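These values consider heavy atoms only, across backbone and side chains, with no hydrogens, waters or symmetry-generated copies. As the structure is a computational prediction, the values presented were derived from the model and not from experiment.
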Amino acid sequence: LVDHARARLSLKRGGDRQRQETLDAAISLPMPPEDLLAVHESLDKLAEEDPVKAELVKLRVFGGLNHIEAAQALDLPKSTADRYWAFAKARLIALMAPD
């Protein structure tokens with residue numbers, strides 16, 4: 001998804017032009033490409049700080065898992081996963097905020 005978003009924004013690939021979808025099986029992005037790249041960059045920073053919390057976000061946001069499934073995938077108690085989720089959301093908002 002991130003590579004697709006980068007390609008869509010690339011001037012070499014017509015990122016400055018109005019796009020019109022012609023394929024029925026076009027990749028559907030969950031958010032605008034600019035926002036997706038900002039989330040990806042913030043997740044990379046969070047992964048450097050705390051890889052488990054970053055993985056939890058990836059599982060819930062991009063993997064489509066609910067909080068119980070993500071906790072089980074990471075072998076975490078549900079209450080710990082809930083605390084990690086709350087922290088990760090707040091940290092990502094802080095990382096994405098303009099300085």
Side-chain angles (χ1 to χ4, degrees):
L1 288 176
V2 172
D3 290 337
H4 180 72
R6 280 192 185 115
R8 288 185 66 146
L9 291 175
S10 170
L11 290 178
K12 179 180 176 183
R13 304 280 183 243
D16 59 340
R17 297 194 180 117
Q18 181 78 12
R19 295 197 175 270
Q20 184 174 4
E21 295 294 333
T22 56
L23 298 175
D24 291 335
I27 294 175
S28 174
L29 297 177
M31 58 190 73
E34 299 86 7
D35 294 345
L36 183 65
L37 289 176
V39 169
H40 177 69
E41 290 169 4
S42 298
L43 267 173
D44 285 346
K45 291 176 187 174
L46 180 62
E48 291 173 8
E49 296 172 12
D50 195 328
V52 175
K53 290 181 179 93
E55 189 62 28
L56 179 65
V57 172
K58 289 176 186 177
L59 289 173
R60 292 204 51 191
V61 174
F62 299 110
L65 301 181
N66 65 32
H67 64 283
I68 296 171
E69 294 167 335
Q72 290 173 345
L74 294 174
D75 198 28
L76 296 171
K78 181 188 166 300
S79 58
T80 301
D82 290 342
R83 281 193 314 274
Y84 283 7
W85 175 248
F87 175 85
K89 286 191 306 183
R91 185 65 184 130
L92 285 173
I93 290 169
L95 289 170
M96 292 176 64
D99 293 333

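Taking each heavy atom of Leu56 and Ala70 in turn, the nearest pair found is CD1-CB, 3.6 Å. When all heavy atoms of Val57 and Ala88 are compared, the closest pair comes out as CG2-CB, 3.5 Å. For the residue pair Ala71 and Pro77, the shortest heavy atom distance occurs at CB-O, 4.4 Å. Between Leu95 and Leu46, the shortest heavy-atom contact is CD1-N, 4.1 Å. Between Leu43 and Ala54, the shortest heavy-atom contact is CD2-O, 3.9 Å.
Every pair passing side-chain hydrogen bond (donor to acceptor under 3.5 Å, both in side chains) that includes a residue from residues 51-76 is listed here, sequence neighbours excluded: Asp50-Lys53. Residue pairs meeting the salt bridge (Lys or Arg N to Asp or Glu O under 4.0 Å) criterion with at least one partner in residues 83-97, sequence neighbours excluded, are Glu49-Arg91.
With hydrophobic clusters built from ILVMFWY side chains whose heavy atoms lie under 4.5 angstrom apart, Trp85 shares a cluster with Val52.
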What do the steps show when you test Leu92 against Phe87 for side-chain contact (heavy atoms from CB on, under 4.5 Å), and what is the final call?
-> CA-CA 9 Å; Leu92 285 173; Phe87 175 85; over 6 Å; no

Going through the distances and angles, do Phe62 and Val39 end up as a side-chain contact (heavy atoms from CB on, under 4.5 Å)?
-> CA-CA 11 Å; Phe62 299 110; Val39 169; 4.1 Å; yes

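Checked by atom type and distance alone, the side chain of Ser42 pairs as donor or acceptor with a backbone atom of Ala38 at under 3.5 Å.
Here the OG1-CG distance, from Thr80 to Leu74, works out to 11.0 Å after rounding to the nearest 0.5 Å.
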